[in-house]
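Structure first, then comments.
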Amino acid sequence: MTGFDSLPQAPLQRLELSWLRPFGIELAVLRLDLIDPLISGNKWFKLLEHLRLAQAAGSPGVISLGGAYSNHLHALAAAGKRFGFATAGLLRGHAQDTPTVRDLQAFGMQLHWLGYAGYRARHQADFWHPWQALYPSWHCVPEGGGGPLGAKGCALIVKQARAQLPALGWADYDGWWLAAGTGTTLAGLVQAEAGVHPVFGALAVPKDHGVKVAVEALSGRQGYVLHDASRGGFAKVDAQLQAFIEACEAEAGLPLEPLYTGKALLALCEQVEAGVFAPGTRLIFLHSGGLQGRRGFA
Ligand SMILES: *Cc1c(COP(=O)(O)O)cnc(C)c1O
């Protein structure tokens, strides 16, 4: 288990889009989707501290859970194959054949399908007991790599962006804009910023999913703003969203997927057009990856 803690630098690029120009907003994108062809996006950052802990404890493997399109399980399985540790994945629902699941198998992850009721039990205190019995001494990572350890690794995201500001010709920036699922990545950015720059989170899940409570628990009450961006529910895709994604890709060559990054950028577009940001505002949009998951929607 070596090499997992040298994360590649995500490029910070200027983003020229027609809907920004009339409002004088400058946008740069930190391309976490480009750090690696397989271990993509924010998930490697969220796994970093977990893998350090697993290594320190001499764990033979790492076990976690997710759905049949999970970017988190995909990154974990790819990391296991690359860096030499065993992985097991507990999956929501019944056996399904998706491009993601095929990759998990190819990466050597042991898969267990929990059904829907079985998966809903994941927050219960004794949920992990049988799995810890089956995989003794393996390190368990909560769903999506959430929690304090996940947030901690995301501080590196802020460091990577700041190191590239001079190359962009920016002396400073005015805030972050990113998609929030569990809110762990957002909480990590809030912690790393420590009030220096605000962090704007676009919620990919409905408002009642407890993200606000989770972010408060991880990072306190200040330093961030949450926007509703789920457009009727997680993984709900509408024609306007699809058209927006296609337009951004055609105009700026920026690939987006509809669950997180597409919804987040569309929510930013709506805020910009509503005149929320003053002309001259410089924002960093976090491309949190997830492009492997869009194979399922092609
Ligand atoms: C998992 C994921 C997110 C959400 O990250 P959280 O830390 O759970 O908020 C955002 N974007 C993409 C592409 C993801 O895969």
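Just follow the structure's listing: the first ligand is 1, and inside any ligand the first atom is 1. Predicted, not measured: the structure shown is a model, and the values here were computed from it. Below, each value reflects all heavy atoms present in this structure, side chains not excepted, and no hydrogens, waters or symmetry copies.
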Who's the nearest protein heavy-atom neighbour of [atom], and how far?
{"atom": "atom 5 (O) of ligand 1", "result": "N42 ND2, 3.1 Å"}
{"atom": "atom 13 (C) of ligand 1", "result": "G289 O, 3.2 Å"}
{"atom": "atom 4 (C) of ligand 1", "result": "G181 N, 3.5 Å"}
{"atom": "atom 8 (O) of ligand 1", "result": "T182 OG1, 2.6 Å"}

Report the relative orientation of the aromatic rings in H74 and F107; use parallel for angles under 30°, tilted for 30 to 60°, perpendicular for over 60°.
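Ring orientation, 0 to 90° scale: perpendicular.
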Aromatic rings H94 and Y116: how do their planes relate, parallel, tilted or perpendicular, breaks at 30° and 60°?
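If you compare the ring of H94 with that of Y116, the planes turn out perpendicular.
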Any side-chain heavy-atom pair from [X] and [Y] closer than 4.5 angstrom?
{"X": "L286", "Y": "W176", "answer": "yes"}
{"X": "H50", "Y": "S59", "answer": "no"}
{"X": "T100", "Y": "Q292", "answer": "yes"}

Hey, is ligand 1 close enough to S288 that some N/O pair sits below 3.5 Å?
yes
Counting both backbone and side chain atoms, is some N or O of L186 under 3.5 Å from an N or O of ligand 1?
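Such a contact does not occur with ligand 1.
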Per-atom contacts, ligand 1 versus [X] - under 4.0 Å to a heavy atom:
{"X": "G183", "value": "6 (P), 8 (O), 9 (O)"}
{"X": "A180", "value": "9 (O)"}
{"X": "G290", "value": "13 (C)"}

C154 to L189 - nearest heavy-atom pair and separation
O-CD2, 3.7 Å
The one among K43, E257, H287 that brings a heavy atom closest to atom 14 (C) of ligand 1
K43
Let's go through W44 and F83 carefully: what are the C-alpha distance in whole Å and the side-chain angles of both, what is the deciding distance for ring pair (Phe, Tyr, Trp, His ring centres under 6.0 Å) to 0.1 Å, and is it a yes or a no?
CA-CA 12 Å; W44 190 349; F83 304 122; 5.6 Å; yes
Against ligand 1, does G41 come closer than 4.0 Å with any heavy atom?
no
Report yes or no: does a heavy atom of G144 sit under 4.0 Å from some atom of ligand 1?
no
Got a donor-acceptor contact below 3.5 angstrom from the D126 side chain to the H129 backbone?
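No; zero donor-acceptor contacts below 3.5 Å.
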